[in-house]
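Throughout, protein chains are lettered first and strands after them, A, B, ... in sequence-line order, and every chain is numbered starting at 1.
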2 protein chains.
Amino acid sequence: MSDATPPRPPAARRSRRHDPGRRDRLIDAALTVIAERGVAATTHREIARVADVPLGSMTYHFTSLEEVLAEAFTRHAESVARVFDERLSAAPDREAAIEAVIALVADDLLGSRHDLVLSVELYVAAARNPTLRAVTQAWMTRSRHALERHFDATTARELDALIEGLVLHSALSTDPMTPEQIRHAVHRFLR
Amino acid sequence: MSDATPPRPPAARRSRRHDPGRRDRLIDAALTVIAERGVAATTHREIARVADVPLGSMTYHFTSLEEVLAEAFTRHAESVARVFDERLSAAPDREAAIEAVIALVADDLLGSRHDLVLSVELYVAAARNPTLRAVTQAWMTRSRHALERHFDATTARELDALIEGLVLHSALSTDPMTPEQIRHAVHRFLR
DNA sequence: GCATCATATGTACGAGTGTACACATCGTGC
DNA sequence: GCACGATGTGTACACTCGTACATATGATGC
């Protein structure tokens with residue numbers, strides 16, 4: 001035993017040798033960084049710090065930073081779309097579907113804003129990155145199809161846009177809309 | 001005449017000594033860069049290049065890059081808000097106001113997407129910068145008030161959100177909505 | 001003409017970045 | 001046990017960035 005006082009990294013990190021889920025955790029860490037600090041501040045080093053992993057681990061698991069961002073945003077979009085899908089599938093009728101939509105919007109607003117910030121960051125990134133544009137496109141198509149379980153195609157598209165606007169405007173405002181106000185707007189549109 | 005072949009900067013730049021509008025042109029150049037390359041790629045050097053001005057000019061006219069961004073976004077928001085205001089003020093009645101709104105949305109979509117990209121970039125930036133959040137807030141308040149010339153407060157707020165959603169969703173989609181579809185959605189909401 | 005000073009410019013520096021890559025470590029098949 | 005290849009790590013390098021600052025330039029008042 002010659003390592004009485006190893007001056008290397010802290011023990012907590014040392015013990016992580018060979019963990020199979022590391023790549024996944026790195027993607028999650030990337031999402032955390034994007035949500036908290038923005039895409040611009042999302043660097044190899046920052047992600048590694050959040051995931052408590054050495055810098056070299058980033059270049060081992062990903063060939064470039066762009067790949068990390070793409071995978072992270074893909075995971076985010078799929079996760080949001082899945083919830084949207086599930087809740088609308090579970091709705092037995094049109095009335096229940098409307099309530100589900102309102103609940104989803106309210107969740108987004110009252111929640112940690114984590115998801116909302118991620119979405120807007122994705123929009124901006126998608127404006128200049130074809131890969132991310134495809135991710136956004138797939139996401140939008142999926143939520144529209146989810147709405148089409150209960151509404152005709154035109155209504156689905158318009159309602160989707162209304163939801164987007166309500167969430168975004170509300171989130172950027174100093175006095176966000178209440179669930180009641182959301183309900184009012186949605187019902188007014190669908191009346 | 002000893003300057004037969006001056007190896008210095010190109011003549012075009014040399015001749016710009018002392019132009020009073022330079023600060024303004026720098027802000028415009030910043031907006032161009034933000035729209036074309038994104039906030040992340042908006043650096044002192046890139047702005048200076050676009051404005052055809054030496055790097056040192058940036059630090060002379062602005063104390064920091066953040067100041068440049070703040071002034072640029074302020075100019076953008078005010079410019080958009082002014083147009084919105086003017087067109088709605090010119091509308092003699094509710095019907096004309098609705099048409100004005102539809103025309104504004106269609107312009108945004110059919111236009112160069114320049115303004116739209118700037119707006120989304122502003123949203124993201126505002127999420128983390130209090131100064132920019134104030135700019136966004138002032139802009140939203142102003143457009144709501146413009147709408148309140150023709151609609152009650154609740155309707156104005158909801159319509160504002162609907163517009164936002166229509167423009168954003170449409171811009172991100174591979175098949176943007178046509179002016180007819182925009183008209184349909186707006187009329188449906190206000191019917 | 002000339003002194004003065006706001007305006008304008010070129011260059012340098014330290015900090016932080018993405019990525020490459022040589023080296024260390026360990027599970028696995030024999 | 002042990003060789004070997006997959007996995008993990010530390011460090012170095014070339015580059016870009018924001019900003020500071022010494023210097024140059026020219027408009028203006030006298």
Side-chain angles (χ1 to χ4, degrees), chain A residues 1-3 6-27 29-30 33-34 36-72 125 128-129 131, chain B residues 1-3 6-27 29-30 33-34 36-72 125 128-129 131:
Chain A
M1 287 61 162
S2 57
D3 55 354
R8 306 302 183 68
R13 180 179 305 170
R14 251 277 168 279
S15 68
R16 287 262 181 67
R17 207 67 223 210
H18 245 89
D19 60 329
R22 172 171 295 195
R23 199 172 190 279
D24 269 357
R25 283 192 304 113
L26 288 178
I27 295 176
V33 176
I34 296 170
E36 288 181 358
R37 314 275 309 270
V39 169
T42 304
T43 66
H44 277 135
R45 286 168 177 81
E46 184 62 20
I47 297 171
R49 209 170 299 141
V50 168
D52 189 29
V53 140
L55 172 61
S57 196
M58 292 300 298
T59 56
Y60 176 73
H61 286 287
F62 306 94
T63 65
S64 74
L65 189 59
E66 210 180 315
E67 184 185 323
V68 185
L69 292 177
E71 296 219 24
R128 291 183 185 81
N129 183 325
T131 305
Chain B
M1 292 75 156
S2 56
D3 56 352
R8 305 301 185 64
R13 181 179 303 173
R14 251 280 168 275
S15 69
R16 287 262 181 68
R17 209 62 226 216
H18 245 89
D19 60 330
R22 173 171 293 191
R23 198 171 190 279
D24 269 356
R25 282 192 304 113
L26 288 178
I27 295 176
V33 175
I34 296 170
E36 288 180 359
R37 314 275 307 273
V39 169
T42 303
T43 66
H44 278 135
R45 286 167 176 82
E46 184 62 21
I47 297 170
R49 208 171 298 139
V50 168
D52 188 29
V53 139
L55 171 62
S57 197
M58 291 301 298
T59 55
Y60 175 73
H61 286 288
F62 305 94
T63 64
S64 74
L65 189 58
E66 210 180 316
E67 183 184 326
V68 185
L69 292 177
E71 296 218 23
R128 291 183 185 81
N129 184 325
T131 305

How close or far is atom [atom2] of [N] from atom [atom1] of [X], stated in whole angstroms?
{"X": "A/L69", "N": "C/dT19", "atom1": "CG", "atom2": "C1'", "answer": "15 Å"}
{"X": "A/F62", "N": "C/dA20", "atom1": "CZ", "atom2": "C1'", "answer": "18 Å"}
{"X": "B/I47", "N": "D/dC17", "atom1": "CD1", "atom2": "P", "answer": "11 Å"}
{"X": "A/E46", "N": "C/dT17", "atom1": "CD", "atom2": "P", "answer": "8 Å"}
{"X": "B/L65", "N": "D/dA20", "atom1": "CG", "atom2": "C1'", "answer": "15 Å"}
{"X": "B/M58", "N": "C/dA12", "atom1": "CE", "atom2": "P", "answer": "21 Å"}

Counting heavy atoms from C-beta on, name the nucleotide in [options] closest to the side chain of [X].
{"X": "A/S64", "options": "D/dT9, C/dT19, C/dG10", "result": "C/dT19"}
{"X": "B/R45", "options": "C/dA12, C/dG18, C/dT9", "result": "C/dA12"}
{"X": "A/L55", "options": "D/dT19, D/dT11, D/dT9", "result": "D/dT11"}

Please determine whether a side-chain nitrogen or oxygen atom of [X] lies at a distance below 4.0 Å from atom OP1 or OP2 of [N].
{"X": "A/T43", "N": "C/dT17", "result": "yes"}
{"X": "A/Y60", "N": "D/dT7", "result": "yes"}
{"X": "A/H44", "N": "C/dT19", "result": "yes"}
{"X": "A/H61", "N": "D/dT7", "result": "no"}

- request: Taking all heavy atoms of A/V50 and all of A/A29, pick out the closest pair and write down the distance.
  value: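 In terms of heavy atoms, the two residues are closest at CG1-CB, 3.9 Å.
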
field: Minimum heavy-atom distance B/V53-B/L26, with the two atoms named
entry: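 Heavy atoms of B/V53 and B/L26 come nearest at CG1-CD2, 4.2 Å.
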
query: Is any side-chain heavy atom of B/I27 closer than 4.5 Å to a side-chain heavy atom of B/V68?
result: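 When only atoms from C-beta onward are counted, B/V68 and B/I27 do not touch, as no gap falls below 4.5 Å.
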
- prompt: Is there a donor-acceptor contact under 3.5 Å linking the side chains of B/R22 and B/S57?
  reply: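 Side-chain D/A pair, B/R22 to B/S57: present.
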
message: Assess whether a salt bridge exists between B/E67 and B/R23, defined as any Lys/Arg side-chain N lying under 4.0 Å from an Asp/Glu carboxylate O.
response: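 The answer is yes: the pair qualifies as a salt bridge.
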
- request: Would you classify A/T63 as touching base, sugar-phosphate or nothing, given that sugar-phosphate means primed atoms plus P, OP1 and OP2, and contacts are heavy atoms under 4.0 Å?
  value: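 Nothing, no nucleic acid heavy atom in range.
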
